[in-house]
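The block underneath contains the structure these notes are about, expressed in C-alpha cells.
Read the numbers this way: they start at 1 and go in the same order the structure lists the ligands and their atoms.
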Amino acid sequence: MIIAIDGPAGSGKSTIANELSHAFGFAKLDTGAMYRTVAFVCADRGVDLDDEGAVTDIADHLDISFDTEADPVRVFADGREVTTEIRTPQTDRIVSKVSAYPGVRHALLACQRAFARDRDVVAEGRDIGTVVFPNAELKVFLTADPRERAKRRVLQRHPGASIDDAHIAAEIEETLADLARRDDLDAHRQTAPLKAADDAVHIDSTAYGIDEIVAKIAELSRTRRA
Ligand code: DC
C-alpha cells in the first residue's frame with residue numbers, strides 16, 4: 001500500500017509520515033530530503049545553481065540512500081552522511097531552484113518509484129499524489145496557517161526554545177518570508193508543481209495536534225485497505 005502525503009513546507013508532513021510509518025510498519029520516503037541532498041551536493045561541489053545541465057548531471061549520477069531503521073531517518077549522498085547538512089537554512093534557500101529543473105525531477109522520480117517497488121510506503125512531498133504515485137491507495141493534502149508553519153519549523157530547529165525569545169521571534173519572521181517564497185516557487189513551477197490531487201483528502205493541521213491527525217489518517221487508511 002502507498003500513502004501519499006503532500007503539502008507545503010512546515011505543514012507537518014514529516015512528523016505525520018514518521019508516526020504513520022511507525023504505526024503501520026511502512027517505510028517512509030521523504031522526497032524533500034532527496035531534493036535537499038541534490039541541492040546540498042551542488043553547493044558543496046561548487047556547481048553553479050543557474051547551470052541547469054550541471055545540476056541535472058549531479059542528480060543523474062548521485063547515489064542517494066537512506067537508513068530507514070534510524071530515527072530520524074539518516075540520509076547519504078554517495079555514501080557520505082548528509083542528514084544534518086540538508087536541513088540548514090542555506091539548503092532551504094537553494095532547494096526550490098534545484099527542484100524546479102525537469103531533469104532533476106526526472107532523475108529523482110525513478111529513484112522514488114524504485115524505493116516503493118516491493119514494499120509498503122508512506123511517501124511525503126509536493127507531487128506524490130499527482131505525479132510520483134498517482135495510484136496511491138490514500139492521498140492526503142496537508143495544509144496549515146503560514147505563521148503556524150513558520151513557528152513549527154523554528155521550534156523544530158531549537159527544541160525547547162520559547163517563541164517569546166527575541167531571537168526566536170525574529171527567526172520566525174525570517175522563516176515566514178522564506179516559506180512564502182518557497183511555496184510560491186513550488187506552486188508555480190512548470191513541472192510537477194505543489195498541488196493537491198483531485199482525489200486527495202484535505203486536512204488543515206493548524207488547529208489539530210499531531211496525534212489527532214495521525215489517528216484520522218490511520219482510520220482512513222484502514223478503511224481503504226479493507
Ligand atoms: O519537504 P521539504 O521542505 O523538505 O522539501 C524541500 C524542497 O524540495 C521544497 O522546497 C520543494 C521540493 N520538493 C519538491 O519539489 N517535490 C517533492 N516531492 C518534495 C520536495
Side-chain angles (χ1 to χ4, degrees), residues 2-18 21 28-43 49 52 55-56 58-59 62 64 66 72-75 77 82-116 121-134 136 139-144 146 148-157 175-197 200 205:
I2 292 182
I3 303 176
I5 304 187
D6 288 302
S11 56
K13 298 186 304 290
S14 237
T15 313
I16 286 163
N18 255 341
S21 70
K28 186 188 128 170
L29 176 62
D30 177 353
T31 59
M34 301 175 84
Y35 289 100
R36 286 172 178 277
T37 301
V38 173
F40 168 72
V41 168
C42 287
L49 298 178
E52 183 170 350
V55 172
T56 303
I58 295 277
L62 195 63
I64 302 173
F66 297 100
V73 171
R74 297 167 71 200
V75 187
V82 294
T83 313
T84 313
E85 290 84 345
I86 65 170
R87 304 280 170 203
T88 61
Q90 288 90 320
T91 306
D92 279 356
R93 274 193 287 276
I94 59 174
V95 64
S96 284
K97 172 163 212 138
V98 165
S99 63
Y101 291 141
V104 170
R105 304 202 69 84
H106 185 260
L108 296 191
L109 179 65
C111 305
Q112 291 156 9
R113 289 189 176 151
F115 182 92
V121 167
V122 181
E124 52 140 324
R126 304 291 188 288
D127 60 342
I128 307 298
T130 50
V131 175
V132 185
F133 301 120
K139 300 177 188 178
V140 174
F141 194 78
L142 207 56
T143 52
E148 178 65 24
R149 293 195 274 129
K151 195 175 96 191
R152 287 179 190 165
R153 266 286 145 104
V154 173
L155 293 180
Q156 226 169 31
R157 277 189 218 128
T175 305
L176 185 61
D178 182 60
L179 288 184
R181 186 188 59 82
R182 266 203 301 148
D183 287 352
D184 188 56
L185 285 170
D186 293 343
H188 294 104
R189 66 172 173 239
Q190 277 202 313
T191 312
L194 164 66
K195 190 165 137 250
S205 73

Close approach of Q112 to ligand 1, heavy atoms, under 4.0 angstrom: no
T191 and R105 have their tightest heavy-atom pair at O-CD, 3.7 Å
For atom 4 (O) of ligand 1, which protein heavy atom lies nearest, and how many Å away is it? R36 NE, 2.7 Å
Could you list the atoms of ligand 1 found under 4.0 angstrom from a heavy atom of D127? 16 (N), 17 (C), 18 (N)
Tell me whether ligand 1 is touched by R189 - counting only heavy atoms on the residue side and a distance under 4.0 Å. yes
Rounded distance (nearest 0.5 Å) linking atom CD of Q112 with atom CZ of F133: 7.0 Å
Answer yes or no: does an N/O atom from D186 fall short of 3.5 Å to an N/O atom of ligand 1? yes
Do me a favour and list the nearest non-hydrogen protein atom to atom 20 (C) of ligand 1 with residue, atom name and distance? G32 CA, 3.5 Å
For E52 and P102, which heavy atoms make the closest approach, and how far apart are they? OE2-CD, 3.5 Å
Any salt bridge linking R36 with D92? Criterion: basic side-chain nitrogen under 4.0 Å from a carboxylate oxygen. yes
Please work out, at 4.0 Å between heavy atoms, whether the side chain, the backbone, both, or neither of R182 comes within that distance of ligand 1. side chain
For atom 17 (C) of ligand 1, what is the nearest protein heavy atom, given as residue, atom name and distance? R126 N, 3.4 Å
Nearest non-hydrogen atom to atom 14 (C) of ligand 1 belongs to which of K97, E124, R105, M34? R105
Which ligand 1 atoms, with their elements, are less than 4.0 angstrom from a heavy-atom of S96? 10 (O)
Does a donor on one side chain and an acceptor on the other come within less than 3.5 Å for T31 and E124? no
Enumerated ligand 1 atoms positioned under 4.0 Å from heavy atoms of T31: 17 (C), 18 (N), 19 (C)
Are the charged groups of R126 and D6 less than 4.0 angstrom apart, N to O? no
Would you say the side-chain atoms of T91 and T88 include a donor-acceptor pair closer than 3.5 Å? yes
Compute whether any side-chain donor of one residue and acceptor of the other, for S99 and R182, lie under 3.5 angstrom apart. no
Specify the protein heavy atom at minimum distance from atom 12 (C) of ligand 1: its residue, its atom name, and the distance to 0.1 Å. S99 OG, 3.6 Å
